[in-house]
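Okay, so here's the structure we're looking at.
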Amino acid sequence: MADAAPGRYAVFGNPIAHSRSPWIHRRFAAQTGRRVDYEAILAPRDGFAAALEAFHRAGGRGANVTLPFKEEAWRLADECSARARRARAVNTLVLRADGTRFGDNTDGAGLLRDLSVNLGLELAGGRILLLGAGGAARGVLGPLLEAGPARVHIANRTAERARALAGEFAPSGAVSAGGLDALPQGPFDLVLNATSAGVGGTLPPLPPGRWAAGAFCYDLAYGPAARPFLDWAKAQGARDASDGTGMLVEQAAESFALWHGVRPQTTEIIAALRRGMPAV
Ligand code: ATR
C-alpha cells in the first residue's frame, strides 16, 4: 500500500550532479509501490552537518551519503550498525522522528551480493587481492573476510596504510598487506580495485607480471572511472572483468530495504544502467 504522503529521502555528496542514486531509488519506489521523494543534495565540503540537520528538520526520513562525507556521517550518527562501526563510515542514515540518526554501511553487502549472486563468483577459499587501503577498501574488507576466502592481500601505494588496515582486521580472517611493488606470488582468483586512481583517469602503478591472468577483475567504481582498470585487466588476460554498477545498485537496494522494509529487484535496474547511463 502506498503511503499517504511521500517520504523525503536524499543523497548527500560533493560533487553529486552525476549521482545515479535518485534514478535508482525512484525505480525501486515505482517497483514496490512506495511513494518516495528522493533528491540529490550538494553539500558544501565544510557544511555537511548543517545540510543534514536542515534536511532532517524539514521532514527528511533517510539519507544516503557519498564522497567525501561517509566518515563524517559515521561521526554524526547517534547509533550505528556493527558493520558501519567496523567500516568507520556510513552510507545510509535513518533520520528518526525523535531527531536521532541511525547509521549503517551497505557498501560491503552490496559488493558481496554483486560478486556472489549477480556474477556467480565463489569467494570461499579464494585468493583475493584488494588494491587500495582508503575508505572504499575499509568499507568492504569486513564483509569480504566474512565470505571465508583463503586470504585477502591488501596492496596499497602507501604500504603502511595497508598494513595498519590488515592489522585491524586480522582477527576476522587471513589478511596480509604490503606495497604495490611487493605483491605476493599469484595467481589470484579475484582482484578488486578499491583505489581512487580511476577518478583521475589513471591506473595505480601496478607491477609487471602475469599475476592477474585468469583472475576475475572488479573495479568498485562505475562508468568512466573504472575504464583504465578494466582495460588493463583485459590486456593482462583476466578471466573476466566488471565495473561496480552492480555494487551501486545492490548497496542502494540494501538502503531501500532498511528504510522501507522491502528489498527491491535489482537485475533489470543493473541491466538498464549498463545499457546506458540514464539522465537523472
Ligand atoms: P576512498 O574513500 O575513495 O577510498 P581515500 O580514502 O582517499 O578515498 O583512498 C584512496 C585510495 O586510493 C588510497 O588507497 C590511495 O592510496 P594512498 O593510500 O597511497 O594514497 C589510492 N590511490 C589514489 N590515487 C592513486 C594512484 N594514482 N595510484 C595508486 N593509488 C592511488
Side-chain angles (χ1 to χ4, degrees), residues 9 11-13 21 25 48-49 52 56 60-117 121 123-124 126 128 130 132-154 161-177 190 192 194 218 220 244 246-264 266:
Y9 297 84
V11 57
F12 289 81
S21 293
H25 278 272
F48 170 61
L52 182 68
H56 197 167
R61 293 193 207 165
N64 281 132
V65 182
T66 188
L67 298 179
F69 302 127
K70 290 185 189 185
E71 209 175 314
E72 192 177 349
W74 165 65
R75 278 188 258 111
L76 289 170
D78 298 284
E79 200 188 323
C80 274
S81 64
R83 60 191 185 181
R85 275 197 301 277
R86 293 194 79 197
R88 287 196 210 149
V90 155
N91 76 336
T92 309
L93 285 162
V94 177
L95 304 175
R96 295 164 169 155
D98 66 2
T100 62
R101 311 171 182 121
F102 175 79
D104 195 5
N105 191 317
T106 65
D107 285 333
L111 171 67
L112 266 286
R113 192 167 167 108
D114 193 36
L115 293 174
S116 50
V117 178
L121 301 179
L123 301 183
I128 300 177
L130 178 63
R138 168 182 286 280
V140 301
L141 187 52
L144 272 178
L145 288 168
E146 276 168 26
R151 171 163 301 274
V152 175
H153 182 82
I154 310 167
R161 208 174 168 195
R163 287 194 196 102
L165 192 57
E168 202 183 310
F169 281 79
S172 303
V175 53
S176 53
L190 175 65
L192 295 165
Y218 189 101
L220 272 61
M247 175 182 174
L248 172 75
V249 176
E250 296 296 350
Q251 63 80 29
E254 293 281 322
S255 298
F256 193 92
L258 185 69
W259 292 328
H260 305 291
V262 54
R263 198 180 198 284
T266 52

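- Ala89 and Asn105 get closest at one heavy-atom pair: O-ND2, 2.9 Å.
- Side-chain N/O atoms of Ser255 and Asn64 include a donor and acceptor closer than 3.5 Å.
- The line from OH of Tyr9 to CZ of Arg61 is 5.0 Å long, rounded to the nearest 0.5 Å.
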Begin with the C-alpha distance, continue with both residues' side-chain angles, and end with the deciding distance and a verdict on side-chain contact (heavy atoms from CB on, under 4.5 Å) for Thr66 and Phe12. CA-CA 6 Å; Thr66 188; Phe12 289 81; over 6 Å; no
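- The structure places OG1 of Thr106 at 12.0 Å from CG of Leu112, a figure rounded to the nearest 0.5 Å.
- Between the CE atom of Met247 and the OH atom of Tyr218 there is a distance of 6.5 Å, given to the nearest 0.5 Å.
- Between the NZ atom in Lys70 and the CG atom in Asn91 there is a gap of 5.5 Å [rounded to 0.5 Å].
- A salt bridge is absent between Glu254 and Arg113; no separation between the charged side-chain nitrogens and carboxylate oxygens falls under 4.0 Å.
- The two residues His153 and Ser176 come nearest to each other via the heavy atoms ND1-OG, 2.8 Å.
- Side-chain contact between Trp74 and Cys80 is present, with at least one heavy-atom pair separated by less than 4.5 Å.
- Looking at Trp259, its side chain does come within 3.5 Å of a backbone N or O of Leu93 through a donor-acceptor pair.
- A heavy-atom distance below 4.5 Å is found between the side chains of Phe256 and His25.
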Set out, in order, the CA-CA distance, both residues' side-chain angles and the distance that settles salt bridge (Lys or Arg N to Asp or Glu O under 4.0 Å) for Arg88 and Glu168, then state yes or no. CA-CA 12 Å; Arg88 287 196 210 149; Glu168 202 183 310; 3.5 Å; yes
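- With a 4.5 Å cut-off on side-chain heavy atoms, Phe169 and Ile154 do not count as touching.
- To the nearest 0.5 Å, the span separating CG on Asp78 from CZ on Arg101 amounts to 6.5 Å.
- Taking the six-membered ring for Trp and the full ring otherwise, Phe69 and Phe48 have centroids separated by under 6.0 Å.
- Ser172 and Arg86 share a side-chain donor-acceptor pair at under 3.5 Å.
- Residues Thr100 and His56 come closest through the heavy atom pair O-CE1, 3.5 Å.
- In this structure, a donor-acceptor pair under 3.5 Å is absent between the side chains of Thr92 and Asp104.
- Using a cut-off of 4.0 Å between Lys/Arg side-chain N and Asp/Glu carboxylate O, Arg83 and Glu146 are scored as not salt-bridged.
- Annotation: side chain of Leu192 is in contact with side chain of Leu190 (closest heavy-atom distance under 4.5 Å).
- Listed here is the closest heavy atom pair of Gly60 and Leu95: O-CB, 3.4 Å.
- Considering all non-hydrogen atoms of both residues, Val11 and Ser21 come closest at CG1-CB, 4.0 Å.
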Could you go through the salt bridge (Lys or Arg N to Asp or Glu O under 4.0 Å) check for Arg96 and Glu79 one step at a time? CA-CA 11 Å; Arg96 295 164 169 155; Glu79 200 188 323; 3.0 Å; yes
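- In this structure, CG in Leu220 is found 11.0 Å from CD in Gln251, a value given to the nearest 0.5 Å.
- Residues Pro149 and Gly126 approach most closely at CB-O, 3.4 Å, considering heavy atoms.
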